Amino acid sequence: MHTHKIATLISIDEAMKYRASLGTTKRVAFIPTMGALHQGHLSLVRRAREDNCLVIVSIFVNPTQFGPNEDFSKYPRTLERDVSLLYQENIEALFLPNTANMYPPNYSTYISPQSMAAELCGKTRPQHFQGVLTIVLKLFNIIRPQVAYFGKKDYQQLFLIKKMALDLNLDIDIVGVETSRDHDGLALSSRNQYLTKEERVIAPQIYAALKKAKEQAQRETKYRDPDQILKVFLKSLEPYPELKLEYVEIRRQEDLTQIHEAFLEPAVILTAVRLGSTRLIDNIEVGPYEA
Ligand code: AMP
């Protein structure tokens, strides 16, 4: 049994005082989330634990990262369950800010990424990454962690957060953690709860198609041509017309710019797919391969 008590922090003032009260002997790790926690979130928490840090998690469904016709109001909110999961992980503190405190009336300052924010997911979610970076920087300023953990599942988000840390000279290590998947390969996501039983059966085909594209690239040199790789991906999705492709692209891991030749540099295949009313994203790292 866990007798350990989690500090539950609601106000920003309280969170800042709590942070100041932590000693300097251990590093403070921070994991921002929107709740509806699953094993993916918990893998970040465990990673922080393993790295011997004091662990602070936040749960905040951030309105500024949702578009006007997106799922902000129906986003799953399962606070009681989330808290009990976090108890089992022995975290130090849980920060549960509210919207009125984070964005008081006349709130007016936003972080807007200049590169890569309008591409990939940014094409259909134009304000999304501005909302993400703004809330992440605000949370960083309140919690002042030495290290923060983010999932590779949100690959473009991880990239833009690392870029913000670099560009704005944040003294915070940004650590990317591998994607946690269900037994059938589907990337864990709070949004998987939206899927119907029938959709849930089809959803793993997204990762299956990514894996197939990667396996082709490993096996046959001619399939290392980015266009050929994308064809393998698209062909794998063909039998599933329910999966409506938003984008699939091969980019450099380094800076997410487009890659035109064979994978001499580490690359990543990124995709977003609609399934019914749910938007799913996933990715797979590929290469580098010998010429
Ligand atoms: P969210 O609650 O969706 O905003 O996610 C909070 C953090 O958990 C982000 O850093 C995500 O990238 C990460 N995350 C979400 N799903 C997964 C997953 N399946 N595997 C690893 N990390 C994840």
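We count ligands from 1, going down the list as the structure has it; atoms in each ligand are counted the same way. Count residues from 1 along the sequence. What you see is a predicted model, and the numbers here were worked out from it, not measured in a lab.
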Considering only residues two or more places apart or on different chains, which pairs with a residue in residues 15-25 satisfy side-chain hydrogen bond (donor to acceptor under 3.5 Å, both in side chains)?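 Residue pairs with at least one partner in residues 15-25: Asp13-Lys17.
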Given Val248, which of Leu237, Leu230, Leu120 fulfils the side chain to side chain contact (heavy atoms under 4.5 Å, CB included) condition?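 Passing option: Leu230.
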Supply the atom-to-atom distance Met164 CE to Ser112 OG, rounded to the nearest 0.5 angstrom.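 Going from the CE atom of Met164 to the OG atom of Ser112 covers 12.0 Å.
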Assess whether side chain to side chain donor-acceptor pair (under 3.5 Å) is satisfied between Glu246 and Thr124, documenting all intermediate values. CA-CA 8 Å; Glu246 192 179 290; Thr124 52; 2.6 Å; yes
Holding to salt bridge (Lys or Arg N to Asp or Glu O under 4.0 Å), I want the full list of residues that pass it with Arg49, two or more places apart in sequence or in another chain.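 Salt bridge (Lys or Arg N to Asp or Glu O under 4.0 Å) check on Arg49 returns Glu92.
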Which pairs with one or both residues in residues 128-147 pass ring-ring contact (aromatic ring centres under 6.0 Å, His included), sequence neighbours excluded?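 Residue pairs passing ring-ring contact (aromatic ring centres under 6.0 Å, His included), neighbours aside: none found.
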Ligand 1: protein residues within heavy-atom distance under 4.0 Å: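 Contacting ligand 1 under 4.0 Å are Pro32, Thr33, Met34, His38, Gly40, His41, Leu44, Tyr75, Phe150, Gly151, Lys153, Asp154, Gln157, Glu178, Thr179, Ser180, Leu188.
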